[in-house]
Engineer: 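Structure below; questions to follow.
Just so it is clear: chains get the letters A, B, ... in the order the sequence lines come, proteins before strands, and each one is counted from 1.
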Amino acid sequence: MSDDTQSGAYTFAYLDEQTKRMIRRAILKALAIPGYQVPFASREMPMPYGWGTGGVQVTAACLTPEDRLKVIDQGADDTTNAVSIRRFFQRTAGVATTEATMDATIIQTRHRIPETPLTEGQILVYQVPIPEPLRFLEPRETETRKMHELEEYGLMHVKLYEDIARHGQIATSYAYPVKVEGHYVMDPSPIPKFDNPKLSGNPATQLFGAGREQRIYALPPWTDVVSLDFDDHPFETSKAPHDCDLCGAKDSYLDEVITDDEGGRMFVCSDTDFCAGRRAEGHEGRLGGDQKSSKTFANSFEGIWPATAGAR
Amino acid sequence: MIADALTGGFTDAPLQSARAFREILEALARPGTIRQVSGARPPPPLSTAAGVVLLVLADPTTGVHLAGAADRPAVRDWIAFHLGAPLVRAEQADFAVGTWTALHPVTRFRIGRPDYPDRSATLIVECDRLVNHGPALTGPGIETATWLNLPETAAFRANHGLFPLGFDTVFTAGDRLSGLPRTTRVEKI
């Protein structure tokens with residue numbers, strides 16, 4: 001199958017030039033109007049909607065042969081979605097890939113921002129399921145468009161207020177709405193609100209692609225992004241009140257892993273590169289010594305798959 | 001002149017357009033930074049950078065307006081062959097190419113609609129040179145401040161005041177380009 005790339009069976013990065021021009025124009029307008037969702041003619045990709053077709057199209061439009069691509073799914077480099085998208089670009093663009101956040105030039109992500117701070121020149125591409133933050137409050141596109149036009153976001157504040165009235169606090173814990181440069185309210189994709197502060201003032205360029213919903217939006221570097229809140233209920237991040245059981249990190253976002261059917265569980269960094277990096281430096285968590293990391297487990301699983309020459 | 005029109009495009013479009021787009025992306029994501037592009041040899045007076053921007057972004061679905069000296073048969077033929085883009089009046093343009101003087105009055109260009117601010121023109125402004133010296137620029141994409149030798153400030157300040165409406169600008173000089181989206185605040189001097 002790797003012969004496909006060598007014999008030129010695919011054009012570079014899969015999409016035809018006409019499609020790339022259309023996506024590239026949308027990306028540039030998205031950068032010029034931060035937080036505004038630019039409609040684009042999303043193509044069918046060789047993967048189902050919901051598996052990152054928007055992110056893949058944005059990545060394909062931005063990719064150059066010199067890039068080093070990292071793909072993560074909920075922070076992990078080794079889950080099905082991340083592995084298949086990484087292989088897709090290895091095969092169709094022949095680009096180098098990496099799992100190290102700091103080595104990557106383009107990072108396509110599903111629902112996380114890496115723990116390692118991003119740097120200037122990096123591009124973070126988000127896979128977005130529902131780009132419209134107001135969609136579940138107002139189903140009509142004509143109305144939500146008008147609301148963005150008029151900056152009429154009262155409905156969103158009502159939703160957050162109802163959270164407080166019902167739960168005593170803002171219960172929204174992911175896809176937490178943000179306001180960009182004092183104008184557009186934007187859905188940061190379903191990242192945990194733990195990651196929201198990293199959206200603002202980030203030196204990397206952040207691009208968001210929603211394939212099924214046919215929208216692209218963007219945050220240029222150093223853009224001011226504010227999570228919506230109230231004076232008496234300020235925005236707060238949240239995470240599981242534990243340290244990572246593998247690397248002992250106190251400040252990373254954690255996944256809860258059920259380890260048996262007797263209530264046993266462990267908390268591990270959702271960012272596998274961050275966790276593995278810390279363990280390599282000698283940090284050790286509660287179970288770090290005697291348990292396989294989720295990464296080791298997944299890698300052993302991946303070994304079962306038929307290897308393709310283009311991959312890794 | 002037909003032969004001229006047939007040359008000067010990308011020789012390996014997928015790779016050359018990918019590399020060029022990244023430079024354009026960086027230029028607009030970080031206003032004021034000066035980037036270098038290559039791959040196009042458009043007929044004069046178009047600069048290499050202006051030719052590259054057109055090759056990367058314009059196609060039969062986008063109207064191109066040629067302003068002033070840029071509007072000559074050789075350029076028209078080149079655009080017809082390499083882009084297939086319709087040549088249109090300033091008021092309908094998705095892309096407009098010319099010197100700053102030729103593009104005036106820039107209030108002619110589309111600034112989008114309140115519900116679709118993306119339906120706006122991108123101006124490709126041909127300059128003699130680009131240097132990071134001139135009015136201060138601040139806003140998204142700029143950490144603290146940067147500087148660029150803009151042809152004037154009043155028009156860009158007025159354009160920024162229209163946000164979220166407004167046109168976006170790419171300055172080109174030789175094989176170098178720089179971006180100025182509508183979000184950028186331009187110092188008054």
Side-chain angles (χ1 to χ4, degrees), chain A residues 8 10-13 15-18 20-41 60-67 93 105-106 120-121 123 142 145-146 148-151 180-181 183-184 201 203-207 216 218-224, chain B residues 10 12-31 33 53-62 83-85 94-95 112-122 138-144 146 163-170 179-184:
Chain A
Y10 288 108
T11 184
F12 177 73
L15 296 173
D16 60 280
E17 286 304 291
Q18 178 90 0
K20 282 187 192 158
R21 276 192 290 267
M22 173 272 296
I23 296 173
R24 286 166 176 165
R25 289 194 296 265
I27 291 173
L28 295 184
K29 285 298 172 192
L31 283 165
I33 319 164
Y36 167 75
Q37 305 158 48
V38 181
F40 81 111
C62 292
L63 213 53
T64 71
E66 291 75 35
D67 273 313
T105 52
I106 295 187
E120 248 187 266
I123 297 178
T142 47
R145 188 163 288 281
K146 185 64 96 180
H148 285 295
E149 173 185 336
L150 301 174
E151 294 180 68
V180 180
E181 286 287 326
H183 191 108
Y184 287 102
T205 302
Q206 301 173 77
L207 305 176
I216 287 172
L219 298 173
W222 314 114
T223 299
D224 183 37
Chain B
F10 287 147
D12 185 358
L15 296 186
Q16 286 178 307
S17 69
R19 292 189 179 110
F21 173 69
R22 261 309 256 294
E23 298 300 323
I24 300 168
L25 172 80
E26 285 293 320
L28 277 157
R30 299 167 206 278
T33 56
V53 173
L54 288 172
L55 284 175
V56 171
L57 297 174
D59 61 27
T61 66
T62 58
L83 315 176
D94 293 295
F95 296 95
R113 300 184 343 206
D115 49 347
Y116 287 97
D118 56 306
R119 296 181 183 174
S120 53
T122 301
T138 54
I142 303 166
E143 186 176 9
T144 49
T146 185
F163 187 86
L165 305 185
F167 55 80
D168 306 302
T169 310
V170 178
L180 193 81
R182 64 194 81 174
T183 47
T184 305

Engineer: Any side-chain heavy atom of Arg19(B) within less than 4.5 Å of one from Pro65(A)?
Structural biologist: yes

Engineer: Given that the side chain runs from C-beta out, which part of Arg22(B) has a heavy atom under 4.5 Å from chain A: side chain, backbone, both or neither?
Structural biologist: side chain

Engineer: Relative to chain A, which segment of Glu26(B) carries a heavy atom at a distance below 4.5 Å: side chain, backbone, both, or neither?
Structural biologist: side chain

Engineer: What is the minimum heavy-atom distance between Ala61(A) and Phe21(B), and which atoms define it?
Structural biologist: O-CD2, 3.4 Å

Engineer: Not counting sequence neighbours, which residues clear ring-ring contact (aromatic ring centres under 6.0 Å, His included) with Phe10(B)? List them please.
Structural biologist: none

Engineer: Pick from Ala26(A), Gly201(A), Ala30(A), Pro34(A): which one has the most heavy-atom pairs with chain B under 4.5 Å?
Structural biologist: Pro34(A)

Engineer: Search all heavy atoms of Ser17(B) against all heavy atoms of Arg24(A) and return the closest pair with its distance.
Structural biologist: OG-NH1, 3.2 Å

Engineer: At a heavy-atom separation under 4.5 Å, does His183(A) approach chain B through its side chain, its backbone, both, or neither?
Structural biologist: side chain

Engineer: Check each atom of Leu63(A) against the heavy atoms of chain B and say whether the ones under 4.5 Å are side chain, backbone, both or neither.
Structural biologist: backbone

Engineer: Apply side chain to side chain contact (heavy atoms under 4.5 Å, CB included) to the pair Leu25(B) and Ile123(A), showing each step before the final yes or no.
Structural biologist: CA-CA 10 Å; Leu25(B) 172 80; Ile123(A) 297 178; 3.3 Å; yes

Engineer: Charged N to carboxylate O under 4.0 angstrom, Glu149(A) versus Arg113(B)?
Structural biologist: no

Engineer: I need the residue from Pro114(B), Ala13(B), Gly112(B) with the largest number of non-hydrogen atom pairs under 4.5 Å to chain A.
Structural biologist: Pro114(B)

Engineer: Show your reasoning for whether side chain to side chain contact (heavy atoms under 4.5 Å, CB included) applies to Lys20(A) and Val56(B).
Structural biologist: CA-CA 9 Å; Lys20(A) 282 187 192 158; Val56(B) 171; over 6 Å; no

Engineer: Kindly give the heavy-atom pair with the smallest separation between Thr183(B) and Ala32(A), and that separation in Å.
Structural biologist: CG2-O, 3.1 Å

Engineer: I'd like to know if the side chain of Arg21(A) and the backbone of Leu57(B) have a donor-acceptor N/O pair within less than 3.5 Å.
Structural biologist: no

Engineer: When you compare the side chain of Glu17(A) with that of Pro14(B), does any pair of heavy atoms fall below 4.5 Å?
Structural biologist: yes

Engineer: Would you name the heavy atoms of Gly141(B) and Thr223(A) that are closest together and state the gap between them?
Structural biologist: N-OG1, 4.4 Å

Engineer: Where on Thr122(B) is there a heavy atom nearer than 4.5 Å to chain A: the side chain, the backbone, both, or neither?
Structural biologist: both

Engineer: Can you list the residues that meet the side chain to side chain contact (heavy atoms under 4.5 Å, CB included) rule with Ser120(B), with sequence neighbours excluded?
Structural biologist: Lys29(A), Asp168(B), Arg182(B)

Engineer: Picking from Leu31(A), Thr64(A), Val180(A), Ile33(A), which has the most non-hydrogen pairs under 4.5 angstrom with chain B?
Structural biologist: Ile33(A)

Engineer: Tell me, for Asp67(A) versus chain B, whether the close heavy atoms (under 4.5 Å) come from the side chain, the backbone, both or neither.
Structural biologist: side chain

Engineer: So what's closer than 4.5 Å to chain B heavy atoms on Gln37(A): side chain, backbone, both or neither?
Structural biologist: neither

Engineer: Given a strict heavy-atom distance threshold of 4.5 Å, which part of Ile106(A) is in contact with chain B: side chain, backbone, both, or neither?
Structural biologist: side chain

Engineer: Measuring only between side-chain heavy atoms, which start at C-beta, is Asp115(B) closer than 4.5 Å to Lys146(A)?
Structural biologist: no

Engineer: Starting at OG1 of Thr11(A), measure out to CG of Leu15(B) and round the result to the nearest 0.5 Å.
Structural biologist: 8.0 Å

Engineer: To the nearest 0.5 Å, tell me how far Phe163(B) CZ sits from Tyr36(A) OH.
Structural biologist: 11.0 Å

Engineer: Please confirm whether Arg25(A) makes a cation-pi placement over Phe95(B), using NZ or CZ under 6.0 Å from the six-membered ring centre and within 45° of the ring normal.
Structural biologist: no

Engineer: Against chain A, label Leu83(B) side chain, backbone, both or neither, depending on which of its atoms sit under 4.5 Å from a heavy atom there.
Structural biologist: neither

Engineer: Quick one, Pro39(A) and Asp118(B) - any side-chain contact, counting heavy atoms below 4.5 Å?
Structural biologist: yes

